[in-house]
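Before any comments, here is the structure.
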Amino acid sequence: MADAVQARPPRIEASAWLQPLPAATRLSFCGDEAAQNAAAIALGLPSSRTPCRAVSTGARASLWLGPDERLLLAPAAEQATLLTILGSALAGHAHSLVDISQRQLAFELCGPNAALLLNAQCPLDLSLAAFPLHMCTRSVYAKSEIVLWRTAADRFHVEVWRSFSDYVLTLLRTVAREFPPTHGH
Amino acid sequence: MLLINCPYCGPRPEVEFGYGGEAHIARPTPPESVSAEDWVAFLYLRANRRGVQAERWRHVRGCARFFNALRDTTTDQFLATYRCGEARPDAAGSTTP
Amino acid sequence: MTVWRAQRGGRVDRSRSIEFSFDGRRYRGLAGDTLASALLANGVHLLGRSFKYHRPRGLLSAGSEEPNALVTVARDAARSTPNLRATQVELYDGLRAHSQNRWPSLACDFGSVSNWLAPLLPAGFYYKTFMWPRFAWHRWYEPRIRAAAGLGRAPIGADPDGYAQRYAHCDVLVVGAGAAGLAAAAAAARSGARVILCDEQAELGGSLLHEPAARIEGLDSASWLKSALARLAAQANVTVLPRTTAFGYFPHNMLGLCERLSDHLAAPAAGLPRERLWQVRAREVVLASGAIERPLVFPGNDRPGVMLASAARAYLNRYGVRVGASIVVLAGCDSAYAAALDLQAGGAAVRAIAEVRAEPGAAALAAARSAGIRVIEGATVLGTAGRLRVRNVTLGTGAPDGTITLGETLACDAVLMSGGFTPSIHLHSQSRGKLLWRAEERTFIPGAPAERERSAGAARGVEGLAAVFEDGTSAGLAAAAACGFKGEATPPPVTAKEFSSRGAPGALPQPGRAAPAKAFVDWQNDVTSRDIELAMREGFSSIEHIKRYTTTGMATDQGKTSGMNALGIVADRSERALPDVGLTTFRMPYTPVSFGVLAGYDRGAQFDPVRRTPVHEWARQHGAVFEDVGLWKRARYFPRGAEDMHAAVARECRGVRSACGLFDASTLGKIEVVGPGATDFMNRMYVNSWTSLAPGRARYGVLLRDDGFIYDDGVVARLADDRYHVTTTTGGAARVLQLMEDYRQSEWPDLKVWLTSTTEQWAVIAVQGPRAREVIAPLVSGVDLSAGALAHMSVARGSICGAPLLLFRVSFSGELGFEINVPADYGTAVWEAVYAAGQAHGITPYGTEAMHVLRAEKGFIIVGQDTDGTVTPDDVGLAWAIGKSKPDFLGKRSLARPAMRAPGRKQLVGLLSIDRTTLLDEGAQVVATAGQAAPMQIIGHVTSAYASPTLGHPIALAMVADGRSRIGQTLFVPLPGDEIAVQVASPVFYDREGARLNG
Amino acid sequence: MQKFSAWSLLRQAFGGHRGWQPQWRRAAPQSAYDALIIGGGGHGLGTAYYLAAEHGLTRVAVLEKGWIGGGNTGRNTTVIRSNYLFDESARLYDHAVKMWRDLSQVLNYNVMYSPRGVLMLAHSVHDVQVSKRHIHANRCNGVDNEWLSPADCKAFCPPLNIGEDIRYPVMGGALQRRGGTARHDAIAWGYARAADALGVDIIENCEVTGIYRDASGAVEAVETTRGRIASRRIGVAAAGNSSVVLGLAGIRLPLESFPLQALVSEPIKPVLPCVVMSNAIHAYISQSDKGELVIGAGTDAYTSYTQRGALHVNMHTLAAICELFPAFRRLRMLRNWGGIVDVSPDRSPIIGRTGVPGLYVNCGWGTGGFKATPGSAHLFAWTIAHDEPHPINAPFTLERFREGLLIDEAAAAAVAH
């Protein structure tokens, strides 16, 4: 039996306006409302029926991506636990639970220019009025799909498929050069 | 870039959507009892309306849902969007073939 | 300071002198100058040559509508920009500008010979000649016409400058920062709306910039402007964008803005983009784009020194430059009198005002007379003189009966003309808003809008500063109110001495048989009033036809100065009302927009995303040559030493067949189909039957579209009763998921099933070859690898090197094969472990090229190469995959269409060159009989062709009509000057009974 | 018909060009015609011309709802080529290319056919395979098309970037030397003038609002904004509006009408000697005699009759152009416009009978109609005159969709695996 190998997640360079986020448990969860509620209760999350809104408790979050689709986020270490909890809670509910922990990776954009950095290639209105705190949605950044989640007035959690991350990060760094460093990110 | 009112997510820019062609075209089944005329109509024949048209969109870069819309193809203005399964609204207005 | 620069006045900074060059000659200007004003200040009026006749041309205007003064500005060979309007080029130290479309020099241009040939070159002459001899057009005439045409030259070398883009949203977008726009923005902002205010000029203020006499809120216009802009800038809800042209109005209130960031700087900071594209989605739009003055149409109206009256005022009042010392003003509009008065006050001698209208405004007349300026009433203009600069203007006098007699000739060095103003309705028209014809003012103004927009000020024909402020204010309030912001605002009180800007489009009357001299309507394209008459004579009546036949309005100014005059002439000559002639459509862009800013960030490696697998870096380090497959980079082969592709691929193939190969299959699309309805769903989507497939087993699946043609294929494994792991082709991943979602949501919403892409969740490491089992056995735990336990086409969960493992026993090579699926983060490490473990067994990493050869030897198809979108399962021998008992699946009904079952369809076969040495060309055609001449009877084509190291001779797959019934026959592959005899064979060249992959 | 020549131009010059006659009459509709053509674009005007010139029908009228040549004829990028894959397509388009060669002389109107070469670039192994298949098939069909290495491409088109510094480096190209461009307006006007000289009535501002059929179901007349006009032979060449016109006769077509945009740059001195196309990154470009770079963008995603499209479609095209020609980045878009293209399921045209006796249709040209104008008009006239398709357009019937006999050029270009 060979030695166990280590996981090697892609490295993201941090900067004043960009914070990589640690490896996480990501579950794509689909099911009807009953299943959604059962899952929420099991995970200790408030039910998340409001479109394009995320609910979270501690490090666990459920992002509304579609009427019957949620992206469940939790610390990497919780993966097994989560699958067990949900497995039993959802018995009897028609649903789909798929591990996509490593399909995509995440980083945080922060600082006064976070929204401007995004709006260089993301066509959404990111003003607080139109894109309030806790809003989340799939969208696009240039030619890449992203999941965008506003975790603070000047902070966005961005999920991107791993093979698109180089493209998105390179683009963000190009755009960032347009802002004088003095505009402290 | 059109602004499309997704029935689930609200108004979103066109680049988040995929166009799905004319709406309310049911797929005839079972195969053995579908006439050649009905099948070619399902596969290929389209009203291609100049005026208000019922059409399908998918918010593929959003909630990923297909939905229907009424759009005037002479102005590109939307009269309504509605979920699959819902009846076509009367907002249709006058249409030319 | 030159004699042309007034001692005082204007907004230029007399303390900052700036050196620049034009056509290599050095000049000095002032900070705040444009290239145009600086050249005028140096007495330079000859700035360009016209497009067709190469006539000497000077400045017509002071703004973006300029048709004549087009220049090339070059920082270096790659940073050279042709066709810039001198009126928009801001002066900076060391600016180098060049005139265009002349040789050898601007003053002496050989091209002007066409001016003497002009009688032979009327509108559309090229449709009537250059037809003989037959091929002379392409070989002879066209190259010469091309050489003469064109304006500036394209730069040499790649543009090193960067271009930025941004999406923005606002409640109210105000286009134009003149009096109306400023008032609208202020009013909307005060109501609390999010406001964006943009203006194409470097300085905001529009006509206020050259109305020093006006007093606003008790301040002179300059001081008021300063404070007004400061007030706007201080508001958080206002974004002010100077040097920003709103060039396009797109559906649903999306506007395109181009912001110029660095062209005006002597030394732009490194990394500062040259331009930025703004795509603004506005809830409401206020168009305060002002109005453009119309020239008068009379013989010789194009000489350098003949310019628009308002332009002369702008040069004097804004730039402190006198356009001439001795001036004649041609008044088709009261506002021309203001120019006369200002120029006189500015120290120029005004010879006379020639009034071309029957009834000039009394106030204007009085003002001129009291200033001691001579006014010649009832005048027309018969011509001008002067080679490179106007020397004099000859007037005519119209008698009441319409006859015209020769009048006096006035010496001068500048002629200022005004035919009235045309509201800039371009954006309103682009947005598909209706237009209204105002008969009394003979002008079009914006009518009913199609989008949520409104026009304000001169853009809708409002006259007078006070009225314009009021109009702008109410437009701003209305726009804000429409967004739900209630507010109040009052326009600033104004005192100003103003004259009407009303005029009449058309040409000035000429004596019966018009003089030979040309009366220009479109300056840049050299379209004269007689060209328009000719077009009408030849039966072109629609204004669109006249425009296309004469090219009027099609120059780089897109008819800003010529459009209404052309309409006026057509209306007069055809005795139709002007609106009946119709208006040509206004199209974006308002002014030209560089390709670069529209391309934006999509350049070089970032043109499209580059998708790399977890194993990519390892492959790169081991010398892989990559190929593009969709967005993915895939390792094509791994050359060793001096190996070429052929040698490397041969070695890789032998490695797999003889021992074991290692292949990165991570790019394969993967979709997890989950839910109680999963099996029903799969049965309806794929041609195969899934009901009988046991969990833990896999099957080769074929997916059709409803038109019956093969869309995709791949191995599908049943992981559990309600869970399938579907693989797709690399390029097919997205479109297969889209197709599945379409049917799931639209056709079978009743099915409880969901789809999730897991393509990037897994790294997929294919281990193929007789030694594959020995290689991975020591690494895998929790899976019995024995043939009995894990048969071909089955799947099991376990772990490998401690990583979670989804292990497939599948083969695309024809050998014993495994596909190791591990979560992507483990991809590299597991790959390395397998590679290390494989060393003892002679493991060979191989790429897509060897993979293609190996599968071709086995007759496995590749969708998209051996099939195109016209192939049915039976065509490629996959009829066996179709679940016969199934009631329905995608494409089932289409497969019953006559043509899908008719004889003569192309079928997949193998081809072997008779000599067993010639490698066929992929795409080569197949014919049944030798020695055919084109057009031949084509019966098929080669889809794949490789040298087969295993078999020791080339092999090919082909689609051939009735191919399966031709096996054994000899066919022919025609090549240029050659023909290859080939034998039709089974598409399976190797291990027909499949002993090896079942081993 | 007043002859056009250098000599007549010279003679007229002395008279101040006052002697030129109208190029076509402004005809008023008569009550009945032998044949009606609905649609005054190149295809429709040409059809009327060939009906009169080759089939002896002189009581022919062309009904145009706006101004002739104002639809796709006047809105396209004038690319001419015939290097299509399938035998049927190659024959169809090559029929047209052969006619382009003599068209100026036949019509006595300089249509400026310029065989400057059409270079279609390949950017991937799959592109190369598809190009090679086209080249082999074309050669066997007697259609010229040759493979150029990247260096050859560069030699043929000097400003082209064949470097490795772009996302999809050029791996070669297929060159059809007989391909090129022509002057779009001249096609409409030249056919109009020649047809008019043969007695054809060209009736502008005349929109067809109804199609009448007799008891037997055959067509007998049309209703128009200028009154009822009787005819027992009606040919429809209405491009983007084909579905609308045929809808008047109760016929549903396998068509969808999409906006197709194009744009031109400001005029510059000659820099681009040929037509360059890249299907892989969606760009095609040529330079007009006036010096404008003429660039075709893709279709918008949705059907529309607005004759305009979205900015992002042009942005995508220009990004591709700037990759292939990095020196063009500082050049500027002068004018952008949109047309309405009628796209058929197999991207091939429909030329033939409709099932309604006396009613014929010529549509479905999608983005490729201009190049086919003379051939299409010639074959459509033949079809109307003989009440059956000419052998060359026989495969392009409406029935083929029912049978499944598609001629799928788009699908044949397949998608990468």
Side-chain angles (χ1 to χ4, degrees), chain C residues 81 83 119-120 122 127-131 138 142 145-146 149-155 158-159 250 256 534 537-539 542 544-545 548 556 587-588 592-596 598-599 602 607-608 627-630 729 731 862 864-865 868-870 897-900 922-925 934-936 938, chain D residues 4 6 9 13 17 20 22-24 67 70 87 104-105 109-110 114-115 124-125 129 132-133 136-137 140-142 165 167-168 185-186 266-271 289-291 311 315 318-319 322-323 326-337 403-405 408 411-412 414-417:
Chain C
T81 317
N83 303 345
L120 289 172
Y127 296 119
K128 296 181 172 134
T129 180
F130 305 136
M131 286 179 278
H138 171 53
E142 189 182 41
I145 288 174
R146 283 176 172 264
L151 294 165
R153 300 193 174 282
D159 182 358
F250 303 95
L534 172 62
R537 192 175 303 128
E538 294 196 71
S542 156
E544 289 282 0
H545 278 155
R548 285 160 174 267
T556 62
R587 299 201 179 95
M588 79 110 172
V593 181
S594 64
F595 289 1
L598 293 168
D602 297 354
F607 174 77
D608 258 352
E627 70 167 320
D628 286 301
V629 181
T729 57
I862 286 187
Q865 176 171 343
D868 54 30
T870 68
R897 290 186 294 180
M900 311 290 263
E922 284 173 354
Q925 303 294 298
M936 307 179 188
I938 299 170
Chain D
F4 285 169
L9 204 54
H17 296 285
W20 293 113
Q23 298 194 2
W24 64 89
W67 39 283
D87 312 357
S104 294
Q105 289 72 33
Y109 208 100
N110 187 356
S114 172
S124 70
V125 174
Q129 289 166 340
K132 292 276 183 76
R133 184 180 167 192
H136 282 292
C140 293
N141 278 307
D165 58 337
R167 177 67 179 82
Y168 303 110
D185 291 331
E266 296 178 296
I268 49 169
K269 292 296 178 188
V271 62
D289 290 339
K290 190 180 177 187
L311 178 60
M315 290 166 66
L318 286 172
C322 290
E323 285 303 284
F328 291 179
R329 228 170 257 281
R330 293 176 99 85
L331 300 181
R332 303 191 293 177
M333 169 171 65
L334 172 61
R335 189 169 64 253
N336 159 267
W337 64 91
E403 308 301 316
L405 279 168
D408 205 330
V415 202
H417 41 85

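Bear in mind that the values here come from a model prediction, so they are computed numbers and not experimental data.
- Residue contact with chain D, scored on non-hydrogen atoms closer than 4.5 Å, involves the backbone and the side chain of Leu151(C) alike.
- A distance-only check finds a donor-acceptor pair linking the side chain of Asn110(D) to the backbone of Thr129(C) [under 3.5 Å].
- Separation of atoms OG1 (Thr81(C)) and CD (Glu266(D)) is listed at 10.5 Å; rounding is to 0.5 Å.
- For the pair Phe4(D) and Met131(C), the tightest heavy-atom approach, listed with the atom from each and the gap, is O-CE, 3.9 Å.
- Under the rule for a salt bridge (charged side-chain N to carboxylate O under 4.0 Å, His left out), Asp87(D) has no partner lying at least two apart in sequence or in another chain.
- If you measure heavy-atom distances from Glu142(C) to chain D, the contacts under 4.5 Å come from the side chain alone.
- Taking both residues in full, the closest heavy atoms of His138(C) and Ser114(D) are given as ND1-OG, 3.4 Å, listed atom of the first, atom of the second, then distance.
- Of the possible polar contacts, none joining the Gln23(D) side chain to the Gly539(C) backbone as a donor-acceptor pair under 3.5 Å is found.
- Between Tyr168(D) and Phe607(C) the shortest side-chain heavy-atom distance falls below 4.5 Å.
- For chain C, the nearby part of Cys322(D) is the side chain; its heavy atoms alone come within less than 4.5 Å.
- Of all the listed residues (Ile268(D), Val271(D), Asp289(D)), the one sharing the greatest number of non-hydrogen pairs under 4.5 Å with chain C is Asp289(D).
- Side chain of Lys269(D) to backbone of Ala149(C): a donor-acceptor contact under 3.5 angstrom is found.
- Of the two parts of Asn141(D), the backbone and the side chain both hold a non-hydrogen atom closer than 4.5 Å to a non-hydrogen atom of chain C.
- In summary, of the residues considered (Asp602(C), Asp608(C), Asp628(C)), a salt bridge (Lys or Arg N to Asp or Glu O under 4.0 Å) with Arg167(D) occurs for Asp628(C) alone.
- Taking the side chain as every heavy atom from C-beta outward, Glu922(C) and Lys132(D) never approach each other to under 4.5 Å.
- Chosen from Thr556(C), Ile145(C), Leu534(C), the residue pairing most often with chain D at heavy-atom distances under 4.5 Å is Thr556(C).
- What you find for Pro155(C) and Arg330(D) is that their closest heavy atoms are CG-CB, 4.4 Å.
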Check the pair Trp67(D) / Arg548(C) against side chain to side chain contact (heavy atoms under 4.5 Å, CB included), numbers first and verdict last. CA-CA 12 Å; Trp67(D) 39 283; Arg548(C) 285 160 174 267; 3.6 Å; yes
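- Residue contact with chain D, scored on non-hydrogen atoms closer than 4.5 Å, involves the side chain of Ser542(C) exclusively.
- When each of His545(C), Met588(C), Glu544(C), Arg897(C) is checked for heavy-atom pairs under 4.5 Å with chain D, His545(C) comes out on top.
- Within 6.0 Å of atom CZ in Arg146(C), more than 12 heavy atoms from other residues, nucleotides or ligands are found, so the atom counts as buried in its surroundings.
- Using a 4.5 Å heavy-atom threshold, the side chains of Lys128(C) and Trp20(D) count as touching.
- Looking only at side-chain heavy atoms (C-beta outward), Leu598(C) and Leu311(D) come within less than 4.5 Å of each other.
- Leu9(D) CG to Tyr127(C) OH: the interatomic distance, rounded to the nearest 0.5 Å, is 14.0 Å.
- Across Ala599(C) and Ala319(D), no two heavy atoms sit closer than the pair CB-CA, 3.5 Å.
- Proximity of Met900(C) to Glu403(D): side-chain heavy atoms (C-beta onward) are nowhere separated by under 4.5 Å.
- Proximity of a side-chain donor or acceptor of His17(D) to a complementary backbone N or O of Pro119(C) within less than 3.5 Å is detected.
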Dump the intermediate steps for side chain to side chain contact (heavy atoms under 4.5 Å, CB included) on Arg133(D) and Asp868(C), then the final yes or no. CA-CA 12 Å; Arg133(D) 184 180 167 192; Asp868(C) 54 30; 2.9 Å; yes
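- Judged purely by distance below 3.5 Å, without hydrogens or angles, the side chains of Arg332(D) and Ser594(C) never pair a donor atom with an acceptor atom.
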Apply the test side chain to side chain contact (heavy atoms under 4.5 Å, CB included) to residues Asp159(C) and Phe328(D): give CA-CA distance (whole Å), side-chain angles for both, the deciding distance (0.1 Å), then the verdict. CA-CA 8 Å; Asp159(C) 182 358; Phe328(D) 291 179; over 6 Å; no
